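Here's the structure, in structure tokens; my notes come after.
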Amino acid sequence: MTDDVELSIRQVTGGNVLLATETLRLPVEIGRFGADNVGRVSAGDGRVVHFGEGYGTLSRQHLTITPSGDGGLVVTDLSSNGVAQIGQEGSAPVPLGRGGTVRMAPGAMRAFETVGLRLTVCSPKEAQVDAIGQPLHLVYDSTSTGGLKALDLDGVSIALVANGPEVLMRRRKGRAAQALEAAKAEGAQVLVMVGPDGAGGVEAICGMSNEVEHNRRTLDEGEAVQMDHLATLDIRGQLLRIMSAEEGKGLSCTNRDCRQLNPYLPGENCRYCGQRLGDGTSYWVHS
């Protein structure tokens, strides 16, 4: 069960980003406060994020996002002016109705419109890895094949090693933490090690600070992050992505400053930068 939600907000008219994608602790409430009608997002850990002023059509308690109990989310409309769920492109928005809810499965992403705002809500998915035959694969851009190549991570870790200005990929047996220590003992300049975490998941461990980004966030030396479905690592411009054979395909944002993987929802916006997906600026990625 996840304790977080990923949320972004933009204007329907003009598409201006009011709130870039934020990971927030549940439960989350969206509304307004004060004489200036400041937009407000309140998280369960006490964090408050503002996104401008002049939103008098927002209710003080407009919408909530709460855990569903099965690892997913429940979005509830508490507003006076209405919240509608956006479906596939070309389909009419579906109003929730005051007190109405939408249940979201783990890993699902949904878009909602209300009072001129478009909210994108994503329920993070925890990696599910079997003991035999892991369904998660490391996918990378292979210059030798001219396309994408997938590597099985069943008992094998992958090291990205600095060799002067070049970045080399090396296979290492065993869990990521053990493989990293062994590589360092041999004198290798490991930028990042990706592999099994010993608890049924896949993790990435940063070997050198300021060299590795995980979903657009720079990692510190020794920092470990879980590599769930659609996670992306950027190592000096080389992209490593985690894909699940069971989950199928995703869309890769081709904004040069982003390039993150998203669930396959053509016509939606990239959850990281807000660029529209599936309109000729994105391409298929599969394992």
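Here the structure is a predicted model, which is why all the values come from computation and not from measurement.
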Quiz item: Counting only N and O atoms by type, is there a donor-acceptor contact under 3.5 Å from the side chain of Ser157 to the main-chain atoms of Gly174?
Solution: yes
Exercise. Look up atom CD in Gln260 and atom CG in Leu239, then write down how far apart they are to the nearest 0.5 Å.
Key: 8.0 Å
Practice problem: Provide the closest heavy-atom pair for Arg259 versus Arg241 in the form atom of the first, atom of the second, distance. | Solution: O-NH1, 3.1 Å
Quiz item: Does any N or O in the side chain of Asn81 come within less than 3.5 Å of the main-chain N or O of Thr57, such that one atom is a donor and the other an acceptor?
Solution: yes
Quiz item: Step by step, would you call Leu63 with Val75 a side-chain contact (heavy atoms from CB on, under 4.5 Å)?
Solution: CA-CA 7 Å; Leu63 178 146; Val75 178; 3.8 Å; yes
Exercise. Using a 4.5 Å cut-off on heavy atoms from C-beta on, say whether the side chain of Met227 contacts that of Leu233.
Key: yes
Quiz item: Would you say the side chain of Leu230 lies within less than 4.5 Å of the side chain of Asn262, judging by non-hydrogen atoms?
Solution: no
Quiz item: Who else is in the cluster with Val38 when I, L, V, M, F, W and Y are joined by side-chain contacts under 4.5 Å?
Solution: Phe33
Practice problem: Sort and list the pairs that fulfil ring-ring contact (aromatic ring centres under 6.0 Å, His included) and have at least one residue in residues 198-226, not counting sequence neighbours. | Solution: none
Quiz item: Would one find more than 12 heavy atoms of other residues, nucleotides or ligands at under 6.0 Å from atom NZ of Lys173?
Solution: no
Quiz prompt | With Tyr55 via ring pair (Phe, Tyr, Trp, His ring centres under 6.0 Å) - residues at least two apart | solution = Phe51
Quiz item: Got Leu160 and Leu240 here, is their nearest side-chain heavy-atom distance under 4.5 Å?
Solution: yes
Quiz item: With no hydrogens and no angle check, is any side-chain donor or acceptor of Thr114 less than 3.5 Å from a backbone partner on Leu117?
Solution: no
Quiz item: What pairs with Arg110 under side-chain hydrogen bond (donor to acceptor under 3.5 Å, both in side chains), at least two apart in sequence or on another chain?
Solution: none
Quiz item: Do Val102 and Phe112 come close enough that some side-chain heavy atom pair is under 4.5 Å?
Solution: yes
Quiz item: What heavy-atom pair brings Ser8 and Ala20 nearest, and what distance separates the two atoms?
Solution: CB-C, 4.2 Å
Quiz item: Which residues satisfy the side-chain hydrogen bond (donor to acceptor under 3.5 Å, both in side chains) test with Gln189, sequence neighbours excluded?
Solution: none
Exercise. Quick one: list whatever passes ring pair (Phe, Tyr, Trp, His ring centres under 6.0 Å) with Tyr272, sequence neighbours left out.
Key: none
Quiz item: Quick one: which of Glu29, His62, His50 gives a side-chain hydrogen bond (donor to acceptor under 3.5 Å, both in side chains) with Arg40?
Solution: Glu29
Self-check item: Side chain to side chain, Thr76 and Leu78, heavy atoms closer than 4.5 Å
Solution: yes
Quiz item: So, do Val41 and Val48 sit near enough that their side-chain heavy atoms are less than 4.5 Å apart?
Solution: no
Quiz item: Would you call Arg118-Glu268 a salt bridge at under 4.0 Å N-O?
Solution: yes
